[in-house]
Every structure is written in structure tokens, then in C-alpha cells.
Amino acid sequence: MTTTHFDTAARDWDQRPMSLQLAAVAPCMLAQLPLSPTDHVLDFGAGTGLLATQIAPLVAHVTALDTSAAMLDVLRGKGHANITTHCGDIFAGLPGHYHAIVSCMALHHVADVGALMQVFADALHSGGRIALVDLYAEDGSFHGDNAAKGVQHLGFAPEALQALAEQAGLRDIGFREILRLQHRNGRDYPLFLMTGRKP
Ligand SMILES: C[S@@+](CC[C@H](N)C(=O)[O-])C[C@H]1O[C@@H](n2cnc3c(N)ncnc32)[C@H](O)[C@@H]1O
């Protein structure tokens, strides 16, 4: 696999000002996501485990999926016994079925989000939930060098994402703002939490 922006950034990822702010995502998400100690959770685009490491103590198992081996190396170094890393593209297939699928700041790297919602729906157990965090629509100034960072979407309009999720068979879709990221460019970028359920 070719080296990506994330492979290069992995070693210092957790110390970035953005990552320090993103640490607040997991508690906000967990307040909206019912989980049980027997659950198996998938973290899509898990990176160094900002979400996975905070969810793992609450559930039976977390699968941390990412295309970047270097990001997952950092996560494995944190030594969580019930987190399994899986290095690969989500469209290459998933190793199991899940009670919840979570994600933080990975959706905007996927060109075909409709296909992604279908992968999520197919991989959830009946009654399983999604909890997905990403940027509301922005003007491209968040990443700046969008092409170099593999950005496929300049954030999202909730109604467009909702339509794609419903086409995939997910229901009870909801959105709420959960965090505003303070950028070094002086601007604030709001993040949404998208929740939903497989009937
Ligand atoms: C902006 S990082 C976010 C990492 C972590 N969730 C966080 O909040 O710090 C996006 C991650 O998604 C991963 N990613 C992007 N597209 C992917 C795909 N198709 N399959 C698996 N992982 C993917 C990237 O390698 C990267 O680690």
C-alpha cells in the first residue's frame, strides 16, 4: 500500500492541537450511544484510537479499522487488550458484524458515502447503531491542502447524509452539533454527531 498523509502524520497525531480538541468527541458521543458490556463495536477510520480507546472499557470488543498501518501501530502501542486493529480499506470487506459502528473525521475521506452507508447497514446486527462525527459543510479552508490530505468532501449537509443513510436502510437518523473545533486560522468549525439505527 502506498504511504499516505496519515502514515506520515501518525507519530505526532495525538499531540496535534486538533487531536487534543477531538478527545472531547468520545464522551459527547457516548452520552448519545447506548452500549452494553457484551457489544462489539467497529471504529471506522480509527487512526490512533481517539474513539476506540475511550469506548473499549465499556464494551466486549472494538475493531479498529484503518488503511494506515502507521496510525494503527500507534494505537496498538497503547496496549488495549480488547481492541483489535484491522488494516485495510472498508470497501475490501469487514471481518465481522457489529452492535455499533462509530467514526470520527473519516467520512470526508470517502468518495462514495452512499456506498459507505450501505457497508455500515450490512455490517450491523439488527438493532445496531451508527454514531458518526464529521464536519458540517465548510469552504475548504479546514484542511487547506485538500487534495494532498485525501479530502473527498468539504464537510456535509445533514439532509444529504440522511438521505443516503435511509437509502441504505438505516432509520431514526438524527444530527446534533457536538463540538466546535478552533482552527489555527482563527475560525471555528462545527462538527456534527449523526446517529441512526438498523431496524
Ligand atoms: C482524519 S483521520 C481520523 C482518525 C481518528 N478517527 C481521529 O479522529 O483522530 C481519518 C482516518 O480514516 C482513515 N481512512 C480513510 N479512508 C479509509 C477507508 N476507505 N478505509 C479505512 N480507513 C480509512 C485514514 O487512514 C485516517 O486514519
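Just follow the structure's listing: the first ligand is 1, and inside any ligand the first atom is 1. Quick note: residue numbers are just sequence positions, from 1. Predicted model only: the values in this text are computed from it and were never measured.
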- Residues which pass side-chain contact (heavy atoms from CB on, under 4.5 Å) with His125, listed by chain and number, not counting sequence neighbours: His97, His99
- Trp13 six-ring face occupied by Arg11 cation (under 6.0 Å, within 45°): no
- Kindly tell me which protein residues have any non-hydrogen atom under 4.0 angstrom away from an atom of ligand 1, grouped by chain and ordered by number? Phe6, Trp13, Phe44, Gly45, Ala46, Gly47, Leu50, Asp66, Thr67, Ser68, Met71, Gly88, Asp89, Ile90, Cys104, Met105, Ala106, His109
- Query: When hydrophobic residues are tied together by side-chain contacts of less than 4.5 Å, even through go-betweens, does Leu116 share a cluster with Phe192?
  - Reply: yes
- Query: Quick one: salt bridge (Lys or Arg N to Asp or Glu O under 4.0 Å) partners of Glu166, sequence neighbours excluded?
  - Reply: none
- Query: Residues in salt bridge (Lys or Arg N to Asp or Glu O under 4.0 Å) with Asp14, at least two apart?
  - Reply: Lys78
- Message: We want to know whether Ser141 and Asp139 form a side-chain donor-acceptor pair, criterion being a heavy-atom distance below 3.5 angstrom.
- Response: yes
